[in-house]
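Here the structure comes first, spelled out in structure tokens, and everything after it is commentary.
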Amino acid sequence: MNFKTPILGTLMVILAFSQTQAQAQTETQPDPLFKTVQSLDTKLFDAYNNCDLATLGVMVSDDLEFYHDQTGLMVGKAPFITAIKNNICGKVARKLLVDTLEVYPLKNYGAVEIGVHRFSHPGHPEEGESDAKFVMLWQNRDGTWILTRVISYEHNHGLLAK
């Protein structure tokens, strides 16, 4: 009798199954860069929603470029902080739609963050919610992550995602 063939077949099935299991486990584990950028997003917009201008000031670059489809280009940290203070604080809240978040590495720079966020108006539910798409560039400066570029676009008076 030749026992090698059934044993070899069984080993192949076990090996194939174990590789599938290993792939499934690694696919469910978030990428470290994804987790880092998701954490940065949370910190940035907790500050945005709570008018924590000091934290916002630490997280954005002095030469921040902010491109907005409705207001155009804003350059610099100081104008950004002033705009948040005058137009956002106590008037607008932002929430990331987590299922839309994408993060990609940028070699020798940092990361790009892409997603959809939802805006509401605390105390004024009659104004409803609206969504917009965004792209943010994060630069890793010797372990410190700084927001350097933002593109916020397709602002609407409705919802882009569920």
Side-chain angles (χ1 to χ4, degrees), residues 23-162:
Q23 276 183 329
Q25 289 175 354
T26 57
E27 288 173 3
T28 60
Q29 295 298 316
D31 174 65
L33 181 63
F34 183 92
K35 287 171 56 176
T36 295
V37 172
Q38 187 176 40
S39 173
L40 289 165
D41 185 278
T42 298
K43 183 177 178 181
L44 182 76
F45 285 99
D46 281 351
Y48 174 98
N49 289 335
N50 292 294
C51 202
D52 182 351
L53 303 178
T55 297
L56 286 171
V58 169
M59 294 188 73
V60 302
S61 174
D62 290 338
D63 65 346
L64 174 71
E65 292 180 11
F66 193 108
Y67 301 85
H68 192 286
D69 64 347
Q70 295 179 350
T71 59
L73 173 62
M74 179 186 312
V75 179
K77 180 190 296 194
F80 171 74
I81 298 297
T82 299
I84 298 295
K85 181 179 178 184
N86 294 337
N87 303 313
I88 301 300
C89 289
K91 300 173 188 167
V92 177
R94 182 263 196 185
K95 176 176 74 171
L96 171 67
L97 300 182
V98 178
D99 291 342
T100 69
L101 183 62
E102 298 175 46
V103 175
Y104 302 96
L106 293 175
K107 187 175 182 176
N108 299 322
Y109 190 82
V112 60
E113 175 186 7
I114 302 167
V116 176
H117 41 204
R118 180 159 295 156
F119 297 94
S120 61
H121 305 275
H124 298 281
E126 70 280 2
E127 293 187 33
E129 296 180 319
S130 62
D131 292 349
K133 296 178 181 179
F134 69 91
V135 177
M136 297 195 296
L137 298 184
W138 291 94
Q139 185 177 26
N140 186 344
R141 298 180 182 169
D142 299 319
T144 300
W145 289 87
I146 302 291
L147 183 63
T148 60
R149 304 292 179 264
V150 177
I151 303 170
S152 190
Y153 62 101
E154 202 173 335
H155 289 80
N156 62 72
H157 298 287
L159 306 180
L160 296 171
K162 292 183 178 192

Practice item. Could I get the full list of side-chain hydrogen bond (donor to acceptor under 3.5 Å, both in side chains) partners for N108, not counting sequence neighbours? Key: none
Considering non-hydrogen atoms only, spot the tightest contact between [X] and [Y] and give its length.
| X | Y | value |
| --- | --- | --- |
| A111 | L33 | CB-CD1, 4.0 Å |
| G57 | K77 | O-NZ, 2.6 Å |
| M74 | A83 | CE-CB, 3.7 Å |
| S61 | R141 | OG-NH2, 3.3 Å |
| L64 | V150 | CD1-CG2, 4.2 Å |
| K91 | H121 | O-ND1, 3.3 Å |

Kindly indicate whether the side chain of [X], heavy atoms from C-beta on, has any atom under 4.5 Å from the side chain of [Y].
| X | Y | result |
| --- | --- | --- |
| R94 | N49 | yes |
| L137 | L106 | yes |
| V60 | F80 | yes |
| K133 | D69 | no |
| L56 | L44 | yes |
| D63 | R149 | yes |
| F66 | T71 | no |
| Q38 | V98 | yes |

Review point. Atom CD of Q139 and atom CD1 of I146: how far apart are they, to the nearest 0.5 Å?
Key: 8.0 Å
Review point. Which distance, rounded to the nearest 0.5 Å, do you find between the CG of L73 and the CD1 of I151?
Key: 10.5 Å
Study note, to complete from the structure: Contacts satisfying ring pair (Phe, Tyr, Trp, His ring centres under 6.0 Å) that involve residues 131-153 (not counting sequence neighbours) are H117-F134
Quick one: list whatever passes salt bridge (charged side-chain N to carboxylate O under 4.0 Å, His left out) with [X], sequence neighbours left out.
| X | answer |
| --- | --- |
| E102 | none |
| E127 | none |
| D99 | none |
| D52 | none |

**Study point:** H68 versus Q70, side-chain donor and acceptor atoms under 3.5 Å
**Key:** no
Check your understanding: What do the steps show when you test M136 against D41 for side chain to side chain contact (heavy atoms under 4.5 Å, CB included), and what is the final call?
Key -> CA-CA 10 Å; M136 297 195 296; D41 185 278; 3.6 Å; yes
Exercise for review: Give a yes or no on whether the backbone of V116 and the side-chain of T100 come within a donor-acceptor separation of less than 3.5 Å.
Suggested key: yes
Exercise for review: Report the C-alpha separation of Y104 and I114 in whole Å, then their side-chain angles, then the decisive distance to 0.1 Å, and conclude whether the side chain to side chain contact (heavy atoms under 4.5 Å, CB included) test is met.
Suggested key: CA-CA 9 Å; Y104 302 96; I114 302 167; 4.0 Å; yes
